[in-house]
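Notes follow once the structure below has been shown.
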Amino acid sequence: MNILLLGSGGREHAIAAKIAESKQCEKLFIAPGNAGTTACGTNVDLKLDDFKAIGQFVQTNNVQMVVVGPEAPLVGGIVDYFANDAILKNVMIIGPSAHGARLEGSKDFAKQFMQRHNIPTAAYRTFTADTLEEGCRFLETLKAPYVLKADGLAAGKGVLIIDDLQEAKQMLEQMLVESKFGEASHSVVVEQFLSGIELSVFVLTDGKHYKILPTAKDYKRIGEGDTGLNTGGMGSVSPVPFADKEFMYKVEHRIVMPTIKGIQKEQIAYKGFIFIGLMAVASADGGRDPYVIEYNVRMGDPETESVFPRIKSDVVELFEATAKEQLNTADLTVDERTAACVMLTAHGYPESYKKGDVISGVDEVEGVTIFHAGTRCDEKGRLLTNGGRVLCVTSLGETLPGAILKCIQAAEQIKWKGRYYRHDIGQDLLKLMCQ
Ligand code: AMP
Ligand code: GLY
């Protein structure tokens, strides 16, 4: 069949690579894609918010399956647009309806959903400009640090963790009254701080059945030792060593199953990925308990770059089973090895950075997979930087240290002016394993 994948990052390159491997895939189109995705299929110049143009492309090119990478078109209702069109409703589309996408698009919606279905998460309350004073009083009842979350999508910048109570109150006012994050902070979720280790659990669901994909941990801060500004993600590893059978049993029974049952009970049309951001909090018996920090309605980036290379099954068959509500009949086989990925970024990222630098060394590295994030080719065929996160080096190894070492060795060989990467991806997990 012909397949259209929407998106342009490292996540989409990793998904495209798996789709291209499928014997079910005849033609793969990636919109808009990047310089790397051209190795998997044909890039097409479509805007992700132009559903009409996407629909026309799908019809003209006899596309039978659409896979949506990023959240924005999902929150914007692309799945509903297809469902409401006499012809497009027959096209398989992987992603939730706008109703389902509110799990990511509104933190308050997600928290209310978790409360309704008894899913463990931090205690919280939601405030608007009219209830600012109540919000300040609620902050006084919490212990530092204080967690403030803009309700809506804020390009990953809407969560603030503040140590000082007065500062937290001032920030709450700035968010609610002065619209610090625009529309997104008209409502703010104030919640209890959870202390523990974060990890990401990915689920593919057809709305009734589900498959739990490999776990991953991503590294959000720009600096080594998890310091400095937040980024889109500087690397990831999969699986997460402490997410053993006992922990994953708790995740499945306390979180995944009630989430899927909740989706069903509330008649939310959902055929796609659920990315559950978890905090593993130390429990009284010496184990760890999972709490949901957030839901996302897509795969993570750069988690996909370590999760997808471990999927051995045909992903198009998994997607087809998802679209047909037959995910219970599909097979998910996972490579037991560990994957690590290291993101190479432009100088200055996540603040202002330059584009257009010539990249060298990509064709020389061996034993790793390179996923492109922000790249393009110029008219001479040279590979150029075209974003803050530029390239992602992924490797599979028998051990976590082995996988990390291969990534670092390859990252060192790839060069452009000001190229930066973190050398400590996975090191926290290695330390934890030694404890
Ligand atoms: P979110 O956008 O909800 O994932 O939040 C961004 C980051 O803030 C998370 O990845 C966590 O590192 C942190 N965070 C969010 N909520 C909490 C919480 N309740 N307790 C501790 N850290 C949190
Ligand atoms: N890596 C985190 C995200 O994709 O939101």
Side-chain angles (χ1 to χ4, degrees), residues 7 9-12 14-15 69-72 74-75 101 103-111 114 119-126 139 142-163 168 181 184-185 188-202 213 215-222 226-238 240 273-282 289-308 341-343 345 350 371 373 388-389 392 422 425 428:
R11 166 181 55 209
E12 284 73 23
I15 298 174
E71 65 280 11
L74 297 168
V75 173
L103 285 173
E104 175 163 359
S106 164
K107 304 250 183 223
D108 180 55
F109 178 88
K111 293 294 276 192
M114 288 183 253
I119 295 166
T121 187
Y124 83 105
R125 281 185 57 193
T126 303
L139 278 169
L142 299 174
K143 285 201 198 106
Y146 305 94
V147 183
L148 307 182
K149 299 183 169 185
D151 177 51
L153 290 182
K157 299 198 174 95
V159 176
L160 298 171
I161 298 182
I162 302 168
D163 287 318
F181 297 104
S185 68
V188 172
V189 168
V190 177
E191 71 178 33
Q192 170 203 10
F193 180 82
L194 293 175
S195 182
I197 316 170
E198 282 184 75
L199 76 157
S200 308
V201 169
F202 300 95
L213 305 177
T215 57
K217 184 173 194 300
D218 85 336
Y219 292 80
K220 289 198 171 79
R221 303 293 194 92
I222 188 71
D226 283 328
T227 53
L229 293 174
N230 255 329
T231 70
M234 297 298 294
S236 67
V237 301
S238 173
V240 179
F273 296 105
I274 312 175
F275 160 176
I276 311 174
L278 291 177
M279 188 71 83
V281 178
D289 284 331
Y291 287 79
V292 178
I293 292 278
E294 63 166 349
Y295 286 115
N296 294 302
V297 297
R298 51 173 172 85
M299 286 298 296
D301 191 350
E303 289 96 327
T304 308
E305 291 93 309
S306 60
V307 167
F308 262 55
C341 93
V342 172
M343 191 63 83
T345 60
F371 295 121
R389 293 194 294 173
C392 177
R422 274 180 63 170
I425 301 302
D428 56 336

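Indexing begins at 1, ligand by ligand and atom by atom, following the structure's order. In what follows, residues are counted from 1 in the order of the sequence shown. These values consider heavy atoms only, across backbone and side chains, with no hydrogens, waters or symmetry-generated copies.
- Among protein heavy atoms, the minimum distance from atom 1 (P) of ligand 1 is reached at Glu294 OE1, 3.4 Å.
- Contact check for Thr231 versus Met343: no side-chain heavy atoms found under the 4.5 Å cut-off.
- A side chain to side chain donor-acceptor pair (under 3.5 Å) with Glu303 is found for exactly one of Ser238, Ser200, Ser236, namely Ser200.
- Distances between N or O atoms of Glu303 and those of ligand 2 include at least one value under 3.5 Å.
- Considering backbone and side-chain N/O of Ala122, none are found under 3.5 Å from N/O of ligand 1.
- Taking 4.5 Å as the limit, some side-chain heavy atom of Asp428 sits within range of a side-chain heavy atom of Lys217.
- Summarising the local packing, OH of Tyr291 is surrounded by 12 or fewer heavy atoms from other residues, nucleotides or ligands at distances under 6.0 Å.
- Considering each of Lys149, Glu198, Glu104, the one bringing a non-hydrogen atom nearest atom 9 (C) of ligand 1 is Glu198.
- Considering only non-hydrogen protein atoms, atom 2 (C) of ligand 2 sits nearest to Asp218 OD2, 3.4 Å.
- Each of the following atoms of ligand 1 lies closer than 4.0 Å to a heavy atom of Phe193: 20 (N), 21 (C), 22 (N).
- Here the protein heavy atom with the shortest distance to atom 17 (C) of ligand 1 is Ile293 CD1, 3.6 Å.
- With rounding to the nearest 0.5 Å, the separation of OG in Ser185 from CG in Leu148 is 10.5 Å.
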Before giving the answer on side chain to side chain contact (heavy atoms under 4.5 Å, CB included), spell out for Phe275 and Met299 the whole-Å C-alpha distance, their side-chain angles and the decisive distance to 0.1 Å. CA-CA 6 Å; Phe275 160 176; Met299 286 298 296; 6.0 Å; no

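- Look at Arg11 and you'll find every heavy atom at least 4.0 Å from all atoms of ligand 2.
- Every atom of ligand 1 with a heavy atom of Met279 under 4.0 Å away is listed here by number and element: 21 (C), 22 (N).
- Atom OG1 of Thr227 sits about 7.0 Å away from atom CZ of Arg422, to the nearest 0.5 Å.
- Look at Ile161 and you'll find a heavy atom under 4.0 Å from some atom of ligand 1.
- Classification of Lys111 and Asp151 as a salt-bridged pair fails, no side-chain N sitting under 4.0 Å from a carboxylate O.
- Of the protein's non-hydrogen atoms, the one nearest atom 18 (C) of ligand 1 is Glu191 OE2, 3.6 Å.
- If you look at Val159 next to ligand 1, the close heavy atoms, those under 4.0 Å, all belong to the side chain.
- With a heavy-atom cut-off of 4.0 Å, Arg298 touches ligand 2 through its side chain alone.
- Atom 20 (N) of ligand 1 has as its closest protein heavy atom Leu194 N, 2.8 Å.
- Once rounded to the nearest 0.5 Å, the distance linking CE of Met234 with SG of Cys341 reads 10.5 Å.
- For ligand 1, the atoms closer than 4.0 angstrom to any heavy atom of Lys220 are 10 (O).
- Inter-residue side-chain proximity for Phe202 and Ile274 is flagged as unmet; no heavy-atom pair is nearer than 4.5 Å.
- Shown in contact with Gly300 at under 4.0 Å from a heavy atom are these atoms of ligand 2, numbered in order with element: 4 (O).
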